[in-house]
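In what follows, a structure is listed as structure tokens, so that the remarks can point back to it.
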Amino acid sequence: MKPRKQAVEVICPKCKFTEIIYMPKEELPKCPECRKARMVIREILSEGKSY
């Protein structure tokens, strides 16, 4: 059975660049803007979210 991909919003702790990636991945990517820090998970995105 193939694992389901989950949309995740990641943010760079240094320059605050945000991006949406799809998990599962082996590791979180490095920031494409400043290329110094590894990005961290900010929010796990799901369908039907309401405030």
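Between Val40 and Leu28, the closest heavy-atom pair is CA-CD1, 4.1 Å.
Residue pairs meeting the salt bridge (charged side-chain N to carboxylate O under 4.0 Å, His left out) criterion with at least one partner in residues 10-21, sequence neighbours excluded, do not occur; the list is empty.
The same ILVMFWY cluster, assembled from side-chain heavy atoms under 4.5 Å apart, contains both Met23 and Met39. Ile21 is not connected to Ile11 by any chain of hydrophobic side-chain contacts under 4.5 Å among Ile, Leu, Val, Met, Phe, Trp and Tyr, and they are in different clusters.
With rounding to the nearest 0.5 angstrom, the SG atom of Cys12 is 11.5 Å from the CZ atom of Arg35.
Considering only residues two or more places apart in sequence or on other chains, Glu9 meets the salt bridge (Lys or Arg N to Asp or Glu O under 4.0 Å) condition with Arg42.
Taking 4.5 Å as the limit, every side-chain heavy atom of Cys34 sits out of range of all side-chain heavy atoms of Phe17.
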